[in-house]
**Q** 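Structure provided below as C-alpha cells; questions to follow.
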Amino acid sequence: MASTASPMASQFRSSFASSSTKRLAVPKDINIGAAFRISPTKRSFVIKAVQIPREMEAIEEYPMNGGHGIYSYAKNSYRQGQAINAVKELIKEEITEKLDINKFPSSDTFRIVDVGCSTGPNTFFAVQNVLEAVEKKYQREGLDHCRLPEFQVFFNDHSSNDFNTLFTSLPPNKNYYVAGVPGSFHARLFPEASLHIVISSYALQWISHIPKELVDRSSPAWNKGRTYYAHAGAETIKAYADQFAKDMDNFFHFRAQEVVTGGMVLLTIPGGRLDYQILSNTLYDLLESTIVDLAKKGIISEEKLDSFNVPQYFPSPQEMEAAVKRNGCFSIERIECLHDEKKQANPKEARVFSSHMRAGLEFLLSEHFGHEIMDELFDLFTKKIEECEVFDMGVAFKLLVVLKRK
C-alpha cells in the first residue's frame, strides 16, 4: 500500500510510537512474520504492518437523549449550563492573558473544538465565551477588527450523538464556520497541529469503557450488587481510577498532536475531591439504591444488576495534575476546584434532578435493563431524592483545568 501524502506518514509513525500500541494488525497479503517497516522514497512510503492501540478498540458510546422532548438533554442540561456560566469569566481571563497567538503558524483561520459537545445549547454558550476572549486577545495585541482571523468551530461527539438537533439549534447570528466531527475524544480526531483551542464541559468524566474486572466474578474488583464506585471496595475504586487515568493518558496524547504550540486546552469536569461526599456521588448512590430495589422486587434480575456499572469517574485535582505531567506536552496554567453551596432537596427540585439524570443515562439504562421499566425506575428515583431533604445532598464540585501547549 502506498501514499504520496507525507503528513500521513508522520501520522502512522506517531501512532506506532505511542505507548498504548499493543497489537499488530496485518494487511491482506502481507507476510505475518514480517517486521514493521516504512520505506521512504522521494514521494511515498510503504507500510508492511500497522499497530493499533488496543484502548481504541474498546471505546463505547453513551449518547445523551436527543431531540427536544421532555427528557431530552437539550431541555435537561441546566447543571452543565450553570457550570459553563460559573467558569465563564475565569476562562476569558486565562485566554486573554495566556493564549500565545504570536507562536501560531501564519493562517487566516482560528480553529476551536468542543469535544463531547452533546446536543443542547450549552456548547454554543461555551464556544461564544471563547470567541469573545480570543477577539479581545487579538485586539490587545494591536490588531483592529478587520484583521481578526476567521473562526472555524468543530462540534465533536460520538457518531450516535444527535447532530441533527445540534445543527438545527445553531445560533442564527453566529460569527464562525461550523463542522461536525463524529468520534471519541479518547482517540485521534484532527490533523497534526491544526487546533488553536480545545474546550470540554462536563464530558471527560465519561470513561471509555467499564473495566472488565468489575463484572468478573473471580476478580477482587467485582462490583457485585452495586452499580457505582463511591461506596464500593478499594479494588473497585482502583479499577475505576486506573481506567480514568488510562483514558486521560490517551486524551492528552492525542490532543498534544492536534494542538498548535501556544494553543490552549480548557476543561470543566465535575469532581474535585478525594473523598466521596459530593453531590454527583450522592445522586448515583440514590440511583444505585433504586436499581437494587427493583432487583429485590424481581423487576430486574440479579445478573443484570451485577453486570451494570455507571461509566463515570469524578477526578480530584491531584489526579488531573498527574495526568498532565505524565504527558509532558502541556504546561499547567490553572487547576482550580470550584464548588456551589450545599442545598437540600425539595419536591420540585427532585423532579429536576431526576430528569437531568434521565437525559444523560436513559440510553445506557434502557439498553441494559429494558426501556419498558424506565418510567418506574425514574419515578422511584425521584421519590428517593425527595426523601433526601432530611440531610444535606452534598457539595457540587467542579474542576477548571487550563493548559497551554508547550
Side-chain angles (χ1 to χ4, degrees), residues 62-65 72-95 112-133 153 155-157 161 166 169 171 185 197-207 244 248 251 264-273 276-284 310-317 319-321 323 333-343 345 349 352-361 385 392-403:
Y62 317 112
M64 308 294 100
N65 281 351
S72 66
Y73 184 85
K75 290 188 179 299
N76 295 280
S77 54
Y78 80 99
R79 287 184 64 205
Q80 293 88 332
Q82 287 178 331
I84 290 170
N85 189 59
V87 301
K88 174 181 176 180
E89 295 306 320
L90 294 176
I91 282 180
K92 284 186 174 182
E93 174 187 316
E94 293 294 325
I95 291 175
I112 301 166
V113 60
D114 183 0
V115 296
C117 64
S118 194
T119 62
N122 294 329
T123 184
F124 307 134
F125 298 146
V127 164
Q128 191 59 41
N129 294 342
V130 170
L131 287 173
E132 290 173 4
V153 175
F155 294 99
N156 157 256
D157 214 312
N161 184 57
L166 177 71
S169 305
F185 51 64
I197 291 182
V198 175
I199 62 174
S200 183
S201 302
Y202 273 48
L204 290 185
Q205 74 272 16
W206 290 91
I207 57 178
F244 180 81
M248 286 300 95
F251 179 85
M264 299 183 74
V265 175
L266 307 160
L267 312 173
T268 309
I269 314 167
R273 290 283 293 270
Y276 303 102
Q277 301 306 312
I278 62 174
L279 179 58
S280 296
N281 283 331
T282 301
L283 290 171
Y284 279 113
V310 175
Q312 290 195 33
Y313 182 79
F314 302 105
S316 68
E319 287 171 306
M320 290 304 300
E321 181 179 357
E333 303 299 320
R334 188 174 200 154
I335 295 184
E336 186 168 349
C337 185
L338 309 170
H339 65 84
D340 303 329
E341 295 299 321
K342 280 191 175 184
K343 61 177 64 177
E349 198 169 54
V352 174
F353 272 117
S354 179
S355 297
H356 163 80
M357 296 285 280
R358 185 166 184 168
L361 294 170
I385 299 176
D392 288 331
M393 290 280 290
V395 178
F397 286 92
K398 59 183 111 8
L399 291 179
L400 173 61
V401 180
V402 180
L403 312 174

**Q** Are the side chains of Asn281 and Phe314 in touch, meaning some heavy atoms are under 4.5 Å apart?
**A** yes

**Q** Nearest heavy-atom pair of Asp157 and Cys117: which atoms, and what distance?
**A** OD2-N, 3.4 Å

**Q** Where the side chain of Glu132 meets the backbone of Val130, is there a donor-acceptor pair that is under 3.5 Å apart?
**A** no

**Q** How long is the gap from CD on Gln80 to OG on Ser118, to the nearest 0.5 Å?
**A** 8.0 Å

**Q** Given side chains that start at C-beta, do those of Ile95 and Leu266 come closer than 4.5 Å, heavy atoms only?
**A** yes

**Q** Can you see which heavy atom on Asn76 is nearest to which on Ser355, and at what distance?
**A** OD1-CB, 3.2 Å

**Q** I'd like to check Leu399 versus Leu267 (side-chain heavy atoms, cut-off strictly below 4.5 Å). Are they in contact?
**A** no

**Q** Report yes if some heavy atom in the side chain of Lys398 is under 4.5 Å from a heavy atom in the side chain of Tyr202; otherwise report no.
**A** yes

**Q** Once you round to the nearest 0.5 Å, how far does CZ of Arg358 lie from OG of Ser72?
**A** 11.5 Å

**Q** If you measure from CD on Glu93 to CZ on Arg334, what distance do you get to the nearest 0.5 Å?
**A** 5.0 Å

**Q** What distance separates Met264 CE from Ile112 CD1, expressed to the nearest 0.5 Å?
**A** 12.0 Å

**Q** Find out whether Val113 and Phe185 are in side-chain contact, i.e. whether some heavy atom of one side chain is under 4.5 Å from a heavy atom of the other.
**A** no

**Q** Looking only at non-hydrogen atoms, find the nearest pair between Tyr62 and Ile207 and report the distance.
**A** CE1-O, 3.3 Å

**Q** Return the minimal non-hydrogen interatomic distance between Leu283 and Met357, and the atom names on each side.
**A** CB-CE, 4.1 Å

**Q** Quickly, which of Asn122, Asn156, Thr123 forms a side-chain hydrogen bond (donor to acceptor under 3.5 Å, both in side chains) with Asp114? Name it, please.
**A** Thr123

**Q** So, for Ile84 and Ser201, which heavy atoms are closest and what is the spacing to 0.1 Å?
**A** CG1-OG, 3.7 Å

**Q** Can you give me the closest heavy-atom contact between Pro315 and Pro270, atom names plus distance?
**A** CD-O, 3.6 Å

**Q** Classify the angle between the aromatic ring planes of His339 and Phe397 as parallel (below 30°), tilted (30 to 60°) or perpendicular (above 60°).
**A** tilted

**Q** For the OG1 atom of Thr268 and the CD atom of Gln205, what is their distance to the nearest 0.5 Å?
**A** 10.5 Å

**Q** Do the two ring centres, one from Phe124 and one from Phe155, sit under 6.0 Å apart?
**A** yes

**Q** Look only at the side chain of Ser200 and the backbone of Val115, and say whether a donor-acceptor pair between them is shorter than 3.5 Å.
**A** yes

**Q** Going by salt bridge (Lys or Arg N to Asp or Glu O under 4.0 Å), name the residues that satisfy it together with Glu321, two or more places apart in sequence or in a different chain.
**A** Lys325

**Q** Using the rule given for side-chain contact (heavy atoms from CB on, under 4.5 Å), can you reason through Leu204 versus Met248, listing the C-alpha separation, both sets of side-chain angles and the distance that settles it, and then say yes or no?
**A** CA-CA 8 Å; Leu204 290 185; Met248 286 300 95; 4.1 Å; yes

